Every structure is written in structure tokens, then in C-alpha cells.
Amino acid sequence: MRVLVTGGAGFIGSHIVRTLASTGHEPVVLDALLPAAHGRPAAPGAPGQGGLPTGVRTIVADVRDRAAVAGALGGIDAVCHQAAMVGLGTDFADAPEYVGCNDLGTAVLLTEMAAAGIRDLVLAGSMVVYGEGRYDCARHGSVRPGPRAVADLDAGRFEPRCPACGSELLPGLVTEEAAGDPRNVYAATKLAQEHLAAAWARATGGRAVALRYHNVYGPGMPRDTPYAGVASFFRSALSRGEAPRVFEDGGQRRDFVHVRDVAAANAAALAALTERRPGTFDAYNTGSGTPHTIGEMARALSSAHGGPAPVVTGEYRLGDVRHVTADSRRLRDELGWKPETDFAAGMREFATAPLRGAGERGERAPR
């Protein structure tokens, strides 16, 4: 199968390209190599640093460029759409660029896929579409708390409370049936991407799968960029000899999933598309299945790196959620995928793995 991988020179995308090439597919890369996160090229085949297998066709173009996308789709059987601007960014002024890169870019890609008669799509989704995760109140059962109040955050009260009675809540796992509740601009654009993909599938008879990534980490993450995930922030600090700075009290629950496992999930999703009915869209949570707190991750990474130890700051970012971990059983049961890298082993590897420097080749940032 010849597969166009948008954002294929990036952190997640390059791992997907290598996985597809190793399993007999022919990947083709479309990547804008944006200056904010792209610089000196990595050598072909360099593991974990953005290097692509020798001989992979690479098209340098923006996914919003209709002519370039149309040209890239020639002879393509399926598309793996990874290109995106991710993370919370710096402030709300980033909103036009997020919407342009993520939603306009997706709309252009889907339009040209429809024109080219390409009907199979795997979309890089994100668990951020859920907002806060699942919570249970002893009195009211499953509840969805609203955004946390600034006054509570300033006072160090980080845990959401039951919206009905104000009681403490027990965090749990979110399933794919949970309603979307995006809490920041990036999350809103990721949910919009899913809606666009579903509309495209219905209108064209296409088959689309969104993989809602959890906190992806691993070799080749970009460093020293505000458009990155927490694992990158901590690893970047350690590479500078600085202590990772843990926001809030470090008790935020996340699911850290290795990038090689995410690449394998994309390969499994592509293989499963041919068995699906035309006009369908499905979303799958894509995580390790084992939640850890951000504080745990910081301590594991610092210990494996040899220090310095993390510092819990009590600071916070508006738009962050307290706990979000999802149930990934559906992906395992329906597509036969399972993660291979456990938390401890993954953190030991990541602690000394090469990062792509500020400006090395790659997509805007990891998810």
C-alpha cells in the first residue's frame, strides 16, 4: 500500500514512516518543515531523530497548499494525517495559526482526497477532546466538572469538585462514547478535525479512523519549544542540567504512551480500514492503559537521567485539565493492537535518548 504521511518528517510521523516501511508499505512524506521547529536535516535512517528510511519520497509543502497536496496524492492508496500544530502554545494569539494549520489544513487535504478518489484515512487525534476525564461522585455517580476556577487554582485547590454537591471526586477512565468537551484552542481544533473527517466519510463513502493519542513520548521529541508536551519539557530541562518544573502539585493523572507503540497503532488502523463499511468514522483511544501522575513521570525521568530532581512549583496553566486518562481496550480488542513498551523501560530509554534540537527536522511538536 502506498501511504501519504502528512507531517511525516516529524516526531510521531517519522516513527510511523519507519514502521510502515518495515512492514512492506511504501510511505510518501508531505511535511512543511516549519521554521519554528525545523532546522538542520537528520541523516536518512537516523533512529529517533527525524531521519527517514533511505529512498522515502519527501515532498516539502504545507498541507494547506491545495496544488501541492493534489500533486502529493497521485498514486496514493491511503493517507495517514499527522501534520498539526499542537500543545497549549504561548497564549490565545496563537489561535489563528492553530485553526489554520489543523482545521483548514485538514479541510484542504480531505477535499483533495475526495477529488483523487482516495477513500482511506487515519487521523492523528488526541485525548484532549475530552477536556477533563471521567469522574465519579459518591453521591451523584458519573459527573463532568466544569472548568476549574482561577481562585481555586491560586489557592492550590487543584482537584475538581462535584458540580452538584461540591464533594471530592474519584478520577477514572474515559471511553470513546464520552462527549467532547475541549478546554483550549488546540483541543477545539482536534475535535473539529474529527468532525471534518466524519463529514468527509459520509459525503464520499470514505473510511476514517481517528486515533486519540495520549501523552506520546520517546526518542526524537523536539526540545526547547513551547509547542510541546510535558515529557518534552522535562527532558529538555534535564538536557540543560536543570530540574524539571512540575506544575500544580504533580498529582495530575496522564497516560504516557511510547511513540513506537503509537506508530504500530497507526499501522494496525491502516490495515483495518479495508474491512470497514464505506461512509464510516471511528475513534479509538490510544494509550498504554496504565495511568501515572505527572510527578511520577518527572521523578522516573530525573532518576534515570541522573538528576537533578524535579521541583514542584504550584504554578498552573489555564486550559490545562487535572486528570484525563482513557480506556484503550477497544483499540486492543478490535484492531489487535497492544503497547509493547512499559512505563519504567520507556522512561529509562527516554532519559538518555536523543532529542531533535530546536530547529531539527520534524512536525510542529509531539502530541
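Treat the numbers as computed from the prediction; the structure is a model and nothing was measured. Position 1 is the first residue of the sequence; numbering continues from there.
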Taking the side chain as everything from C-beta on, heavy atoms only, tell me whether Tyr186 gets closer than 4.5 Å to Asp94.
no

Given the rule in the side chain to side chain contact (heavy atoms under 4.5 Å, CB included) test, do Glu26 and Arg57 qualify, once you have shown the distances and angles that lead to the verdict?
CA-CA 9 Å; Glu26 181 184 344; Arg57 181 185 175 210; over 6 Å; no

Which residue is it: Leu109, Leu110, Leu123? I am looking for the one with a side-chain contact (heavy atoms from CB on, under 4.5 Å) to Gln193.
Leu123

More than 12 heavy atoms of other residues, nucleotides or ligands under 6.0 Å from CZ of Arg240: yes or no?
yes

Hey, is the main chain of Ser288 close enough, under 3.5 Å, to the side chain of Asp255 for a donor-acceptor pair?
yes

One thing to verify: whether Arg212 and Glu176 come together as a salt bridge, which I'm taking to mean a side-chain N less than 4.0 angstrom from a carboxylate O.
no

Min side-chain heavy-atom separation Arg332-Pro339 under 4.5 Å:
yes

Please, which pairs that meet ring pair (Phe, Tyr, Trp, His ring centres under 6.0 Å) have at least one residue in residues 330-351, sequence neighbours excluded?
Tyr217-Phe350, His292-Phe343

Side-chain contact test, heavy atoms from C-beta onward, threshold under 4.5 Å: evaluate it for Asp154 versus Tyr316 and give yes or no.
yes

With clusters defined by side-chain heavy atoms of hydrophobic residues (ILVMFWY) lying less than 4.5 Å apart, directly or transitively, does Met113 cluster with Leu270?
no

Are Phe234 and Pro310 packed together at the side-chain level, in the sense that at least one heavy-atom pair is separated by less than 4.5 angstrom?
no

Between the main-chain N or O of Arg253 and the side-chain N or O of His323, is there a donor-acceptor pair closer than 3.5 Å?
yes

Are Val321 and Val86 connected, step by step, through hydrophobic side chains (Ile, Leu, Val, Met, Phe, Trp, Tyr) whose heavy atoms are closer than 4.5 Å?
yes

Does the side chain of Met221 reach to within under 4.5 Å of the side chain of Arg235, using non-hydrogen atoms?
no

Give a yes or no on whether the backbone of Ser142 and the side-chain of Arg134 come within a donor-acceptor separation of less than 3.5 Å.
no

ILVMFWY cluster membership beyond Phe247 - transitive side-chain contacts under 4.5 angstrom:
none

Could you check whether Glu132 pairs with Arg144 (Lys NZ or Arg NE/NH1/NH2 to Asp/Glu carboxylate O, under 4.0 Å)?
no

Taking side chain as C-beta onward, heavy atoms only, is Val150 less than 4.5 Å from Leu318?
yes

By side-chain contact (heavy atoms from CB on, under 4.5 Å) - contacts of Pro147 (at least two apart):
Arg183

Transitive ILVMFWY side-chain link Val230 to Phe11, under 4.5 Å:
yes

Leu121 reachable from Leu273 in the ILVMFWY side-chain graph, under 4.5 Å edges:
no

Got a donor-acceptor contact below 3.5 angstrom from the Thr313 side chain to the Val246 backbone?
yes

Please confirm whether the backbone N or O of Pro27 pairs with a side-chain atom of His25, one donor and one acceptor, at under 3.5 Å?
no

Has the side chain of Thr19 got a donor or acceptor atom that lies under 3.5 Å from a matching backbone atom of His15?
yes

Listed pairs under 3.5 Å, donor-acceptor, residues 168-175 side chains, sequence neighbours left out:
| unit_1 | atom_1 | unit_2 | atom_2 | d |
| --- | --- | --- | --- | --- |
| Thr175 | OG1 | Glu177 | OE1 | 3.1 |

Check the pair Asp342 / Arg348 against salt bridge (charged side-chain N to carboxylate O under 4.0 Å, His left out), numbers first and verdict last.
CA-CA 10 Å; Asp342 68 27; Arg348 285 194 299 271; 5.3 Å; no

Less than 4.5 Å apart, any side-chain heavy atom of Thr106 and any of Thr189?
no

Going by an N to O cut-off under 4.0 Å, is there a salt bridge joining Asp120 and Arg207?
yes

Would you mind listing every side-chain hydrogen bond (donor to acceptor under 3.5 Å, both in side chains) that reaches into residues 265-276, with sequence neighbours excluded?
Gln82-Asn266, Tyr213-Asn266, Arg276-Asp282, Arg276-Tyr284

Quick check: is Val99 connected to Val108 through a chain of hydrophobic side chains (ILVMFWY, heavy atoms under 4.5 Å apart)?
no

Student check: side-chain heavy atoms of Glu349 and Pro219 closer than 4.5 Å
yes

Without swapping roles, check the side chain of Lys190 against the backbone of Ala124 for a donor-acceptor pair under 3.5 Å.
yes

Between Tyr98 and Asp103, do the side chains contain an N or O donor and an N or O acceptor separated by less than 3.5 Å?
no

Go through the structure and list residues passing side-chain hydrogen bond (donor to acceptor under 3.5 Å, both in side chains) with Ser302, not counting sequence neighbours.
none

Indicate whether the side chain of Asn285 and that of Tyr130 have a donor and an acceptor atom separated by less than 3.5 Å.
yes

Test side-chain contact (heavy atoms from CB on, under 4.5 Å) applied to Val17 and Cys80, Pro53, Ser22, the passing residue
Pro53

